[in-house]
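Report on the structure given below.
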Amino acid sequence: MTTLPTSTDRKLGLVIDLDTCVGCHACVISCKGWNTENYGAPLADEDPYGADPAGTFLNRVHSYEVQPETGATQLIHFPKSCLHCTDAPCVTVCPTGASYKRVEDGIVLVNESDCIGCGLCAWACPYGARELDAAEGVMKKCTLCVDRIYNAHLPEEDRVPACVRTCPAGARHFGDFADPESHVSRLTAERGGIDLMPEQETRPVNKYLPPRPKDRLQEQVDILAPLLAPVSEDSAGFFGWLDKALDRLPGAPSKDETR
Amino acid sequence: MHPAPSVILFTVMSGAGFGMLAFLGIGLPDVTGWVAFTFFAIAYVLAVGGLMASTFHLGHPERAIKAFSQWRTSWLSREGCCAVFTLLVMAVYGAGLVFLGTRWTALGFVGSFASVLTVFTTSMIYAQLRTVPRWHSPMTPALLLSLSLAGGALLTGQEKAAIALLVVAGAIQIMAWLKGDGALTASGSTLASATGLGTASTVRAFEPPHTGTNYLLNEFVHVVGRKHGLQLRVISFFLMIVLPIGMLLLPFSHLFAALAVLSHLAGTAVSRWLFFAEAEHVVGLYYGKRTT
Ligand code: SF4
Ligand code: SF4
Ligand code: SF4
């Protein structure tokens with residue numbers, strides 16, 4: 001059913017910390033691996049060893065250059081997967097009912113055996129979170145690793161999304177946003193988590209934590225700095241004499257090279 | 001957006017086909033027997049041919065029947081339901097005209113209304129998408145409806161109506177182009193809003209996620225041929241509106257009437273190509289491909 005639930009019992013989703021992400025793309029690879037080997041059609045690779053490789057990914061990491069008004073430029077790595085929107089436009093446009101949002105936990109899924117591969121849901125998603133698989137002809141998207149998080153066959157610590165489990169920097173957090181006391185709700189509140197493209201009115205569940213302000217180089221590095229200042233700026237005194245004396249010796253660099 | 005030939009063909013052909021049915025349903029022209037058969041055959045070839053073409057771009061056309069199920073929320077599903085309903089009603093109505101020589105007026109009106117509704121549902125598939133600001137406007141249904149009716153009038157030989165509708169469609173087309181050019185900026189979506197990194201900073205796309213291309217870039221970030229946009233607009237407007245009006249104003253001849261139809265359909269195809277090729281999907285922002 002493509003009618004959106006008015007509310008969901010839980011709101012499972014991710015917090016992605018733009019301050020912590022180091023841009024290693026480990027989540028991209030673990031997501032591709034898990035979702036190729038497990039639930040649903042495998043994620044295609046087209047021409048993987050050729051000149052023009054392409055393929056389906058449910059999670060991709062962009063990188064952006066951010067120039068503040070003052071201070072140094074920053075490089076921000078930006079992982080992006082489905083945000084499991086509350087008002088998911090991708091669901092309501094689907095003609096077959098293949099796309100749906102679950103009432104129990106808010107996860108947005110595609111039933112691949114109903115999908116006709118019309119691609120309209122990918123048109124409706126502002127975030128580029130859906131990709132039509134070139135080999136299977138069905139729509140692929142992040143499942144929030146629904147086949148891990150409830151999987152009793154996995155050890156407890158593995159019952160989180162593959163990307164979250166893999167991230168070496170701890171930049172991805174999984175939890176229930178409907179519970180104000182959950183880890184993800186508290187992180188969002190403390191760090192001022194934001195929605196992407198709020199003007200699209202999708203009300204994403206996933207939140208992004210903005211990068212923290214960076215440290216600044218101080219004018220004076222150390223209180224001992226004045227004592228460590230060079231004794232001689234000009235070529236006078238002992239060091240001046242030494243400099244000149246060494247210059248006169250054979251093998252000394254020419255004047256130009258010393259500049 | 002990627003201008004897929006199958007979708008361009010579909011919207012142009014079925015637009016004209018349902019436009020024809022809209023006129024035939026209200027008895028314009030008032031024909032029966034073999035003449036009626038010819039008119040209905042052309043309308044069905046266009047409408048059904050267009051619908052068939054639209055299934056070419058599906059990943060799983062064999063499951064297309066499922067697309068009739070979600071009419072509660074999905075304009076694509078509504079379009080499918082409306083199209084099939086219209087074709088069935090008009091088939092019965094046409095059979096009456098062709099084989100019995102009787103005109104079931106009420107049924108014709110229902111079919112005519114359903115034809116217009118079908119074109120409207122098609123236009124809403126595009127107009128509903130907030131992600132494509134150029135399409136997310138009442139201009140989209142206005143344009144597709146006026147072009148469909150103008151095409152229908154031309155094909156059914158309704159000269160006066162055709163001239164009037166072409167003038168209206170031409171005016172709407174120009175408005176749609178002008179309004180569309182500022183739509184992305186007006187939508188408020190920028191790289192800054194897309195990333196949330198724009199507070200007191202400027203953001204620039206530094207590296208895309210992968211070195212190669214992907215589905216998103218192929219489907220949504222079409223830029224080829226945009227630089228010829230203005231020329232193509234002029235060509236399309238001339239073929240779609242100006243030339244057909246000119247030919248209709250000349251003393252009637254079957255040759256000119258046929259040329260007017262062909263010119264209009266060719267111009268509409270160019271306009272439809274631009275409709276897709278010039279439409280900017282906001283996902284392009286993430287790839288630094290939209291300069292606003
Ligand atoms: S991020 Fe895109 S695919 Fe995911 S729920 Fe939102 S609109 Fe749908
Ligand atoms: S591609 Fe599949 S899931 Fe997406 S709208 Fe079409 S039928 Fe629904
Ligand atoms: S939750 Fe699972 S499917 Fe979604 S991005 Fe992470 S690894 Fe991929």
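What you are looking at is a predicted structure, and each value in this text was computed from that prediction instead of being measured. Order of the sequence lines sets the chain letters (A, B, ...), proteins ahead of strands, with each chain counted from 1. The analysis underlying the following values was restricted to heavy atoms, covering all of them including side chains, and did not include hydrogens, waters or symmetry mates.
For A/K32 and A/F57, the positive end sits near the middle of the six-membered ring, less than 6.0 Å away and at most 45° from its axis.
Only the side chain of B/H281 comes within less than 4.5 Å of a heavy atom of chain A; its backbone N, CA, C and O stay farther away. Contact annotation for B/E219: only side-chain heavy atoms (C-beta onward) come within less than 4.5 Å of a heavy atom of chain A. Both the backbone and the side chain of B/R204 have a heavy atom closer than 4.5 Å to some heavy atom of chain A. Contacts of B/L197 with chain A are made by both backbone and side-chain atoms, with heavy-atom separations under 4.5 Å. Contacts of A/H77 with chain B are absent, with no heavy-atom separation under 4.5 Å from either backbone or side chain. Of the atoms belonging to A/I194, it is side-chain heavy atoms, and not backbone ones, that fall under 4.5 Å from chain B. With a threshold of 4.5 angstrom between heavy atoms, B/A64 approaches chain A through N, CA, C or O but not through any side-chain atom. Both the backbone and the side chain of B/L58 have a heavy atom closer than 4.5 Å to some heavy atom of chain A. In this structure, chain B has no heavy atom under 4.5 Å from any part of A/T56. The contact between A/V61 and chain B is made entirely by backbone atoms, counting heavy-atom distances below 4.5 Å. Contact of A/L4 with chain B is not made at all, since no heavy-atom distance falls under 4.5 Å. Interface remark: A/C118 contributes backbone and side-chain atoms alike to the contact with chain B (heavy atom separation under 4.5 Å). Both the backbone and the side chain of A/L196 come within contact range of chain B, with heavy atoms under 4.5 Å apart. In this structure, chain A has a heavy atom under 4.5 Å from the backbone of B/S187, while its side chain stays farther away. In this structure, chain B has a heavy atom under 4.5 Å from the backbone of A/E136, while its side chain stays farther away.
Here A/C125 contributes atom SG and A/L120 contributes atom CG; the two are 12.0 Å apart, rounded to the nearest 0.5 Å. In this structure, A/L14 CG and A/C163 SG are separated by 5.5 Å, a value rounded to the nearest 0.5 Å. Separating the OG1 atom in B/T122 from the CZ atom in B/F10 is a distance of 4.5 Å, to the nearest 0.5 Å.
Ring geometry for B/H210 against A/H25 counts as perpendicular: the plane angle is over 60°, on a 0 to 90° scale with 30° as the lower cut. Using bins of under 30°, 30° to 60° and over 60° for the plane-to-plane angle, the ring pair B/Y286/A/H62 lands in the tilted bin.
A salt bridge is defined here as a Lys NZ or Arg NE, NH1 or NH2 lying under 4.0 Å from an Asp or Glu carboxylate O, and A/R60 with A/E131 meets this definition.
Ranked by heavy-atom pairs under 4.5 Å with chain B, the first of A/P198, A/P53, A/C115 is A/C115. Of the listed residues B/N218, B/T211, B/T213, B/T195, the one with more heavy-atom pairs under 4.5 angstrom with chain A than any other is B/T195. Top candidate by heavy-atom pairs under 4.5 Å with chain B, chosen from A/G119, A/S113, A/P210, is A/S113. When each of B/W71, B/Y215, B/F68 is checked for heavy-atom pairs under 4.5 Å with chain A, B/Y215 comes out on top. Chain B forms the most heavy-atom pairs under 4.5 Å with one residue out of A/A134, A/A98, A/P95, and that residue is A/P95. Among the candidates A/W123, A/Y127, A/Y208, the residue making the largest number of heavy-atom pairs closer than 4.5 Å to chain B is A/W123. Here B/Q70 is the residue among B/E207, B/Q70, B/H57, B/E79 with the most heavy-atom pairs under 4.5 Å with chain A. Comparing B/V283, B/I125, B/T55 by how many heavy-atom pairs each has under 4.5 Å with chain A, the most go to B/V283. Listed options A/A54, A/P89, A/G97 were ranked by heavy-atom pairs under 4.5 angstrom with chain B; first place goes to A/G97.
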Residue pair B/Q128, B/W135: steps toward the side chain to side chain contact (heavy atoms under 4.5 Å, CB included) verdict: CA-CA 8 Å; B/Q128 70 178 331; B/W135 292 347; over 6 Å; no
Residue pair A/E112, A/K140: steps toward the salt bridge (Lys or Arg N to Asp or Glu O under 4.0 Å) verdict: CA-CA 8 Å; A/E112 291 175 5; A/K140 300 296 297 185; 2.6 Å; yes
Derivation of the salt bridge (Lys or Arg N to Asp or Glu O under 4.0 Å) call for B/R130 and A/D87: CA-CA 13 Å; B/R130 201 188 279 271; A/D87 290 333; over 6 Å; no
Candidate pair A/R203 and A/C85, rule side chain to side chain contact (heavy atoms under 4.5 Å, CB included), full reasoning: CA-CA 5 Å; A/R203 296 205 288 145; A/C85 305; 6.0 Å; no
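A donor-acceptor contact shorter than 3.5 Å is absent between the side chain of A/K207 and the backbone of A/I16.
Taking the six-membered ring for Trp and the full ring otherwise, the centers of B/F275 and B/Y126 sit less than 6.0 Å from each other. Taking the six-membered ring where the residue is Trp, the centroids of A/Y64 and A/F78 are separated by under 6.0 Å.
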